[in-house]
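Just below is one structure, and these are the notes that go with it.
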Amino acid sequence: MATINDNYLKLKAGYLFPEIARRVNTFVEGNPEAKIIKLGIGDVTEPLPEACRTAMIKAVEDMGDRSTFKGYGPEQGYGWLREKIAAQDFQARGCDIDASEIFVSDGAKCDTGNILDIFGKNNKIAVTDPVYPVYVDTNVMAGHTGETNDKGEYNGLVYLPISADNNFIADIPREKVDLIYLCFPNNPTGATATKAYLKAWVDYAKANDSIIFFDAAYEAFITDDSLPHSIYEIEGAKDCAIEFRSFSKNAGFTGTRCAFTVVPKQLTAKASDGSEVELWKLWNRRQSTKFNGVSYVVQRGAEAVYSEAGKAQIKALVDFYLENAQIICDKLTSAGFEVYGGVNAPYIWLKTPHNLSSWDFFDKLLQTTNVVGTPGSGFGAAGEGYFRISAFNSRENVEEAMKRITEQFKA
Ligand SMILES: *Cc1c(COP(=O)(O)O)cnc(C)c1O
């Protein structure tokens, strides 16, 4: 009989979002008249920017004419998109990133998982706790961990706790790790990183020959000019960091699918014979073999993000969600909640009242206000006692949800 990848059996059964859906469905069955407002899953709600739609409609027309029809495109993405990304997202910020170092893909989620293909089996891997669950689960699937302990932590991973005690900024580890996942602005906590903080990580990575996986999916939400949008704004980062970006959260591409990963050509890691190998070559080989590029139509839509009209529309979109975040922060603070994030980020991370567990607060909020959020413990053991509220929703829903919460919880 065929055998399976046993590592999949180590994955924790009740994945966070299915469990949320299960509890909401049970509640709705018993309370069919309840008007549920979902401030849980991190998906956008507002429609695609007009500039992107117009570009995609035009691209569909191109596909309908033999002279402009496109078959397979370059696995790395079209040059015209990679050039714009390199110029506007990086060179304009003083980062010396070339278009050839940009790999266009159909998602930062898959890229953060797939990147493990080009790394060895014996790396020591660090994640923050709480964390975006994809980083952990893809390491479990790849066989980089043991089983979980009673706190739900996988043996073999290094967990760097983040909480109000350290301002949701992980301490630089004393031990040596080889691969480190960092996400700023952070999902789930909404925390941001200063240049000085990222510099400390870059210095650590260079001193220990480690590689940083920097997930900047939320960089568009940074409004504070002093905060870095890219890790390559830090000197030396090209020697130690791979950056993941996405059009999902800035341009509403969660259902359209386009992202990119930056692998600097000078970045290397060791082969088992001790030689240093360029990671760019391996990622290029990996993508060329296992991936056939993002659709031409979608890449044209992504290109429009860099047009003048596109930039203005995307700024309006991001500003809209940031205003939601501000409303949520203000209302929850006035209702007596201890609130974090929500500035330069679309997520609000709150301390549950009366030391309720994350899931107990989830149930209480659902039952008393019909508002759905995300239990912090679902992102890791150190997320226990916290709760994530997302700013991705209509203004009407955000205001209604905050009205219900302030009425229910007012001091
Ligand atoms: C939403 C999100 C992404 C983007 O994923 P896509 O696959 O590009 O939609 C990446 N990282 C984090 C932490 C996210 O929350």
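Count residues from 1 along the sequence. For ligands, and for the atoms within them, numbers begin at 1 and follow the listed sequence. All values reported here derive from a predicted model rather than from experimental measurement.
Taking the centre and axis of the six-membered ring of Tyr347, the NZ or CZ atom of Arg388 falls inside the cone set by 45° and 6.0 Å. Annotation: cation-pi geometry satisfied between Arg23 and Trp359 (NZ/CZ under 6.0 angstrom from ring centroid, within 45° of ring axis). A cation-pi contact, defined as under 6.0 Å to the ring centre and within 45° of the axis, links Arg82 to Phe103.
In summary, the side chains of Glu243 and Ser230 do present a donor paired with an acceptor at a separation below 3.5 Å, with no hydrogens or angles considered. Side-chain contact check for Asp89 and Tyr232: no donor-acceptor pair (N or O, by modelled atom type) lies under 3.5 Å.
Residue contacts with ligand 1 for Phe253 are absent, since no atom lies close enough (heavy atoms, distance under 4.0 Å). Under 4.0 Å from ligand 1, heavy atoms of Ala108 appear from its side chain as well as its backbone.
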Exercise. Please walk me through it: do Phe214 and Phe244 pass ring pair (Phe, Tyr, Trp, His ring centres under 6.0 Å)?
Worked result: CA-CA 6 Å; Phe214 190 74; Phe244 301 94; 9.4 Å; no
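In this structure, Phe244 does not count as a contact residue of ligand 1, since none of its heavy atoms falls inside 4.0 Å of the ligand. Not a single heavy atom of Thr254 sits under 4.0 Å from any atom of ligand 1.
Distance from atom 11 (N) of ligand 1 to its nearest protein heavy atom, with residue and atom name: Asp215 OD2, 2.7 Å. At the shortest separation from atom 2 (C) of ligand 1 among protein heavy atoms lies Lys249 NZ, 2.5 Å. Scanning the protein heavy atoms around atom 5 (O) of ligand 1, the nearest turns out to be Lys109 N, 3.5 Å.
Those atoms of ligand 1 that come under 4.0 Å of a heavy atom in Ala217, given as number and element, are 3 (C), 10 (C), 11 (N). Every atom of ligand 1 is numbered from 1 in the order shown, and the set under 4.0 Å from a heavy atom of Tyr218 is 1 (C), 2 (C), 14 (C), 15 (O). Within ligand 1, counting atoms from 1 as listed, the ones closer than 4.0 Å to a heavy atom of Gly107 are 7 (O), 8 (O). Close contacts between ligand 1 and Ser248 involve ligand atoms 6 (P), 8 (O), 9 (O) [criterion: under 4.0 Å to a heavy atom].
Here the straight-line distance linking atom NE2 of His144 with atom CG of Leu179 works out to 8.5 Å at 0.5 Å rounding.
Inclusion of Tyr135 in the set of residues having an N or O under 3.5 Å from an N or O of ligand 1 is not warranted. At least one N or O atom of Arg257, backbone or side chain, sits closer than 3.5 Å to an N or O atom of ligand 1. Residue contacts with ligand 1: Tyr347 is placed with no nitrogen or oxygen under 3.5 Å of a nitrogen or oxygen of the ligand (distance criterion only).
Using a 4.5 Å heavy-atom cutoff, the side chains of Ile211 and Asp178 are not in contact.
Ring planes of Phe168 and Tyr386: perpendicular class, angle over 60° (limits at 30 and 60°).
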